[in-house]
Structures are given as structure tokens and as C-alpha cells.
Amino acid sequence: MPVALTAVATATVLGLLSDRVRAAVARPAVAVLLPLALVAALLVARAALRRGRAGLAFAATSVALALPVPLVGAALWPRVLVSTADAAGPQLTDPAALTVADAAASGPTLALLGWLALPLVPALLGFQAMCWWVFRGRTDGRAPVYW
């Protein structure tokens, strides 16, 4: 946990010190939620491991691993990818930035992916559940498998 908390703190400090990162963030309030939510999830995982609640620790670290994607996306909304082509740095109205509308797949592509995901997602979830069931109780709080 100290390594994970140090990584979150380092990334937060570097982001706050970077002019380019501050200029790219369209919603700073949402961007502040990321480190707070990550630290909270990691502290919940640590407390759960100390109490022997492996399932809760797994859920908390899963949340900690998943949080950066939606929170960074929400902080940059409506942009998906910020352009670095402009020497002045990213602007909120940068025409070279990739927006959500530009990045969205077409209707036929989404229809095809929907039909492909229908049988694959339950199979992947079943495989994940089987792996969790097979390896349940075989690790303790000293093993770094939850992060």
C-alpha cells in the first residue's frame, strides 16, 4: 500500500505542477476527485486485508484500478485526446484535439460489436469467476495479488 499511495501522490503532484496538464483539464473539480477516490479505495483495501476480508479488499483494489479511466475522461470531457501539436499548449477550443463525437464508432460498427459481445462477455466473466474460485483463500495479506 505505501508504494501505491506514493505513486498516486507523485502523479497528483506532477499533474498539479504541469502547466500543460492544468491547461488540458476542462473540469478541475472532477480531476481533484481522482486522487481522493484512489486513496480512499486503497485505504479501504488495506483495512479489509487487516480484517481478513479478502473479497472486500479485491473489490476495493478493483475500484482503484478502474477509477483513473472514467475520472480522467470526465476531467477532459468533451475531449478524448488532447493535441500536443500546438506549441502554446492545449486549449479548450483546440481544433486538433479529438472529441467524443469524432472518436465515436459508426452505427454499423457498434451493431457488429454488440452481437460479438453478446456471447463473449458472459464467457469472459465466467472465466474470471472460475479463476477467482480456484485461487480463493490461497493468498494472504502479504501477497501483492490485490494490486
Side-chain angles (χ1 to χ4, degrees), residues 1 3-12 14-16 18 20-49 51-86 89-147:
M1 285 302 156
V3 173
L5 291 171
T6 302
V8 170
T10 303
T12 302
L14 290 175
L16 290 173
S18 171
R20 292 184 73 87
V21 171
R22 285 197 316 261
V25 172
R27 296 185 174 136
V30 175
V32 171
L33 289 176
L34 176 62
L36 297 176
L38 280 173
V39 167
L42 291 172
L43 291 176
V44 166
R46 184 176 186 181
L49 282 175
R51 291 187 178 110
R53 307 271 320 259
L56 182 58
F58 176 75
T61 54
S62 296
V63 167
L65 286 172
L67 271 175
V69 174
L71 286 176
V72 168
L76 294 177
W77 184 270
R79 294 175 293 171
V80 176
L81 187 64
V82 178
S83 172
T84 58
D86 188 8
Q91 306 295 324
L92 291 177
T93 58
D94 187 0
L98 183 64
T99 64
V100 173
D102 296 333
S106 66
T109 302
L110 290 175
L112 176 66
L113 288 176
W115 283 109
L116 289 174
L118 194 63
L120 292 178
V121 170
L124 290 172
L125 292 175
F127 180 74
Q128 184 67 36
M130 182 205 66
C131 288
W132 183 83
W133 184 259
V134 167
F135 292 106
R136 71 190 185 286
R138 297 194 182 168
T139 60
D140 57 14
R142 296 172 297 180
V145 295
Y146 293 110
W147 184 257

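As the structure is a prediction and not an experimental result, all values here were calculated from the model. Only heavy atoms go into these numbers, but all of them, side chains included; no hydrogens, no water, no symmetry mates.
Residues forming a side-chain contact (heavy atoms from CB on, under 4.5 Å) with Pro78 (at least two apart in sequence, or on another chain): none.
Counting all heavy atoms, side chain and backbone alike, Ala75 lies closest to Val30 at N-CG1, 3.9 Å. What you find for Ala60 and Ala41 is that their closest heavy atoms are CB-O, 3.5 Å. The minimum heavy-atom distance linking Pro122 with Ala117 is given by the pair CD-O, 4.0 Å. The shortest non-hydrogen separation linking Leu65 to Pro68 is O-CD, 3.5 Å. Heavy-atom minimum distance, Pro70 versus Ala66: CD-O, 2.9 Å.
Here Leu67 contributes atom CG and Leu36 contributes atom CG; the two are 11.0 Å apart, rounded to the nearest 0.5 Å. Distance OG1/Thr61 to CG/Leu56: 9.5 Å, rounded to 0.5 Å. In this structure, CG on Leu76 lies 11.0 Å from CG on Leu71, to the nearest 0.5 angstrom. To the nearest 0.5 Å, atom CG of residue Leu34 and atom CG of residue Leu38 are 4.5 Å apart.
When each of Leu124, Leu125, Leu118 is tested with Val121 by the rule side-chain contact (heavy atoms from CB on, under 4.5 Å), just one qualifies, namely Leu125.
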